[in-house]
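What you see is a predicted model, and the numbers here were worked out from it, not measured in a lab.
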Amino acid sequence: MASHTLFSSATTSTRCSHHDSIKKADPFSPNLQITTHKLQSQWLGITKFPLHSSKLRPYLPKTRTIAATVTFSLPTANPERVNPTDKSPKWSLKGIKSFAMGELEARKLKFSTTGTEAILMGILVEGTNRASKLLRANGFTLFKVREEAIKLIGKPDYFFFSPEHPPLTESAQKALDWAVDQKLKSGDDGEITTSHLLLGVWSEKEAAGYKIMATLGFNDEQAQQLHSLISKPGFLED
């Protein structure tokens with residue numbers, strides 16, 4: 001069988017006049033020139049492969065500045081009652097986080113709104129607040145609350161995409177307003193805590209949150225004990 005010969009021709013490298021060594025080109029130089037190679041074959045004839053300088057540079061990932069807004073308030077149906085110029089009570093960070101976790105739980109369950117049951121789940125998900133510790137001490141778990149919520153509201157439609165912030169139900173809004181009202185009535189300058197929020201959920205007797213709490217063993221006596229605790233001057237969230 002006849003043999004086929006493959007020839008390759010390239011420009012000869014430049015040599016230094018003082019040293020018999022090949023000068024190495026800087027791979028990051030913008031003036032880098034890469035020679036064109038010719039491949040000659042009996043089958044291919046002469047084929048040129050032009051290789052142009054790509055001006056190689058180290059890859060640096062692009063970053064962008066992220067702006068975030070932190071709020072110390074939650075939705076209210078009566079914004080006029082709280083004057084932002086006064087020393088009005090503000091929600092604790094754990095209270096705000098519990099509310100945000102409640103919205104997230106509503107989205108996970110494909111609910112179209114954020115109800116009192118979602119707020120209850122948010123309190124449990126936050127996990128470090130006094131209200132959550134009280135609930136867990138009485139046998140509440142996130143799984144149990146989810147299970148009861150589905151029994152009351154129905155199985156979610158898995159093809160439904162919940163909005164980023166599911167709107168509050170009327171009962172959920174009243175629960176938030178109840179917590180704010182109780183803090184304003186106390187005359188204390190402290191924060192509105194998750195304990196206020198939990199009692200706000202309990203105050204809505206016809207809502208899913210109250211029914212779930214009652215089913216899992218929460219009662220008026222425990223609610224009264226918690227209310228007495230948060231009514232003390234200088235009460236702070238743990």
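- The side-chain heavy atoms of Thr114 and Thr169, taken from C-beta on, include no pair separated by under 4.5 Å.
- Taking the side chain as every heavy atom from C-beta outward, Gln182 and Leu199 never approach each other to under 4.5 Å.
- With contacts defined as side-chain heavy-atom distances shorter than 4.5 Å, the pair Phe140/Met213 qualifies.
- Among residues at least two apart or in separate chains, ring pair (Phe, Tyr, Trp, His ring centres under 6.0 Å) pairs with a member in residues 186-205 are Trp202-Tyr210, Trp202-Phe218.
- Note that CD of Glu206 and OG1 of Thr116 are 11.0 Å apart. Values are rounded to the nearest 0.5 Å.
- Between Ala106 and Ala118, the shortest heavy-atom contact is CB-CB, 4.1 Å.
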Could you walk me through whether Glu126 and Thr128 satisfy the side-chain hydrogen bond (donor to acceptor under 3.5 Å, both in side chains) test, starting with their C-alpha distance in whole Å, then the side-chain angles of each, then the deciding distance to 0.1 Å, before giving a yes or no? CA-CA 6 Å; Glu126 198 283 327; Thr128 64; 2.6 Å; yes
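- Taking the charged nitrogens against the carboxylate oxygens, Glu147 and Lys144 have no contact shorter than 4.0 Å, which rules out a salt bridge.
- In this structure, Glu148 CD and Leu120 CG are separated by 11.0 Å, a value rounded to the nearest 0.5 Å.
- Interatomic distance, Ile123 CD1 to Thr194 OG1, rounded to the nearest 0.5 Å: 6.0 Å.
- With hydrogens and angles disregarded, a donor-acceptor distance shorter than 3.5 Å links the side chain of Ser186 to the backbone of Lys183.
- Thr193 contributes atom OG1, which lies 12.5 Å from atom CG of Leu93 (distance to the nearest 0.5 angstrom).
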Mind running side-chain contact (heavy atoms from CB on, under 4.5 Å) on Met121 and Leu142 for me, showing each step along the way? CA-CA 6 Å; Met121 286 186 275; Leu142 180 60; 3.8 Å; yes
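- Here the side chains of Arg130 and Leu229 are in contact, with some heavy-atom distance below 4.5 Å.
- The CG atom of Asn129 sits 10.0 Å away from the CG atom of Leu134 when rounded to the nearest 0.5 Å.
- Proximity of Leu176 to Trp91: side-chain heavy atoms (C-beta onward) are separated by under 4.5 Å at one or more points.
- Contact of the Arg107 side chain with the Pro166 side chain is registered, since non-hydrogen atoms from C-beta on lie closer than 4.5 Å.
- Screening residues 96-105 for salt bridge (Lys or Arg N to Asp or Glu O under 4.0 Å) gives Glu105-Lys108, Glu105-Arg146 as the qualifying pairs, with residues at least two apart or on separate chains.
- Nearest approach of Glu204 to Ala175, heavy atoms of both residues: CG-N, 4.3 Å.
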Show, in sequence, the C-alpha distance, side-chain angles and deciding distance for Arg136 and Leu124, and conclude whether the side-chain contact (heavy atoms from CB on, under 4.5 Å) test is met. CA-CA 8 Å; Arg136 292 185 185 280; Leu124 286 168; 4.0 Å; yes
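- In plain terms, the two heavy atoms of Gly95 and Leu197 that are nearest each other are O-CD2, 4.3 Å.
- The two residues Phe111 and Gly154 come nearest to each other via the heavy atoms CE2-O, 4.3 Å.
- Inter-residue side-chain proximity for Asn138 and Gln222 is flagged as met; some heavy-atom pair is nearer than 4.5 Å.
- When side chains are defined from C-beta on, Thr113 does not count as touching Leu168, because their heavy atoms never get closer than 4.5 Å.
- For the salt bridge (Lys or Arg N to Asp or Glu O under 4.0 Å) condition, the pairs that include at least one residue of residues 207-220, sequence neighbours left out, are Lys205-Asp220.
- Distance check, rounded to the nearest 0.5 Å: OG of Ser98 to CG of Leu198 gives 10.0 Å.
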